[in-house]
Amino acid sequence: MKGTYLGEFEEVVLLAVAIRSGDAYGAAVVTEIERQMDRSVNLGAVHSALNRLAEKGLVTSELGGVTTERGGRRKRLYSVTAAGRRALQDVRQVRNQMWEAIPNTAWT
């Protein structure tokens, strides 16, 4: 696989950001991962992964509007960059190639 290396958890977080398009903030990403994977996820781990993804140029973030349910604090909203979309497409292609390379005899 060429380009930026994505760890498994980074890939999952990046996919969750893509799924939550327009509403991808830390807690929403946690909820999406837990819903999709039936797996408990730590908010701190998600924030660390989001920071790594931002450093790699795979996501960008901006502050959303002030909300009363957050006591007037603003949410940091994440979105997938063009490089992030390419990274996800590359990972998907490699995984598909590897699945297709498994001989039928491996399943017997």
Side-chain angles (χ1 to χ4, degrees):
M1 183 170 74
K2 297 177 185 173
T4 304
Y5 174 77
L6 277 180
E8 177 194 7
F9 191 66
E10 289 176 333
E11 178 185 348
V12 168
V13 170
L14 188 56
L15 284 165
V17 171
I19 291 168
R20 297 294 302 221
S21 179
D23 188 38
Y25 58 97
V29 170
V30 167
T31 300
E32 190 63 42
I33 293 169
E34 290 179 343
R35 189 169 61 90
Q36 293 286 340
M37 300 186 72
D38 195 27
R39 167 181 166 182
S40 180
V41 179
N42 179 289
L43 179 60
V46 167
H47 278 290
S48 292
L50 287 167
N51 288 335
R52 288 191 306 274
L53 291 168
E55 288 172 5
K56 294 177 181 182
L58 303 179
V59 297
T60 58
S61 68
E62 62 183 30
L63 289 176
V66 174
T67 59
T68 54
E69 72 266 4
R70 292 179 45 87
R73 294 185 333 221
R74 299 164 68 172
K75 295 177 186 174
R76 179 157 298 280
L77 301 171
Y78 292 87
S79 56
V80 179
T81 64
R85 287 190 297 276
R86 280 191 306 276
L88 285 174
Q89 290 167 344
D90 291 347
V91 167
R92 185 177 190 181
Q93 179 183 356
V94 168
R95 289 185 189 271
N96 288 342
Q97 285 173 339
M98 292 182 77
W99 273 102
E100 291 169 9
I102 298 172
N104 290 335
T105 56
W107 303 112
T108 57

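Everything numeric in this text was worked out from a predicted model, so none of it was measured. Just so you know, residue 1 is the first one in the sequence shown, and it goes up from there.
- For V13 against A49, the heavy-atom pair with the smallest separation is CG2-CB, 3.9 Å.
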Start with the C-alpha gap between S79 and T60, add the side-chain angles, then the distance that decides, and say whether side chain to side chain donor-acceptor pair (under 3.5 Å) holds. CA-CA 6 Å; S79 56; T60 58; 3.2 Å; yes

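- Between the side chain of E10 and the backbone N or O of G7 there is at least one donor-acceptor pair closer than 3.5 Å.
- Of all heavy-atom pairs spanning A16 and I33, the tightest one is CB-CG1, 3.8 Å.
- Counted by atom type alone, Q89 and Q93 present zero donor-acceptor pairs between their side chains at under 3.5 Å.
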Checking side-chain contact (heavy atoms from CB on, under 4.5 Å) for the pair M37/V12: CA distance, chi angles, key distance, verdict? CA-CA 9 Å; M37 300 186 72; V12 168; 3.4 Å; yes

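- For the side chain to side chain contact (heavy atoms under 4.5 Å, CB included) with V29, the qualifying choice from V17, L14, L43, V41 is V17, the only one to do so.
- Without hydrogens or angle criteria, K56 side chain to Y5 main chain gives a donor-acceptor distance under 3.5 Å.
- Using a distance-only test at 3.5 Å, with no hydrogens or angles considered, no donor-acceptor pair links the side chain of R74 to the main chain of G65.
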List the steps and the verdict of side-chain contact (heavy atoms from CB on, under 4.5 Å) for Y78 and L53. CA-CA 10 Å; Y78 292 87; L53 291 168; over 6 Å; no

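- With values rounded to the nearest 0.5 angstrom, L6 atom CG is found 6.5 Å from L88 atom CG.
- Once rounded to the nearest 0.5 Å, the distance linking NZ of K75 with CD of E62 reads 13.5 Å.
- For CG of D38, the number of neighbouring non-hydrogen atoms (other residues, nucleotides, ligands) closer than 6.0 Å is 12 at most.
- Note on R95 versus E11: salt bridge recorded, some NZ/NE/NH1/NH2 to OD/OE distance being below 4.0 Å.
- The residues R52 and E55 are annotated as not salt-bridged, no charged nitrogen and carboxylate oxygen being separated by less than 4.0 angstrom.
- Within 6.0 Å of the CD atom in E8, the count of heavy atoms belonging to other residues, nucleotides or ligands does not exceed 12.
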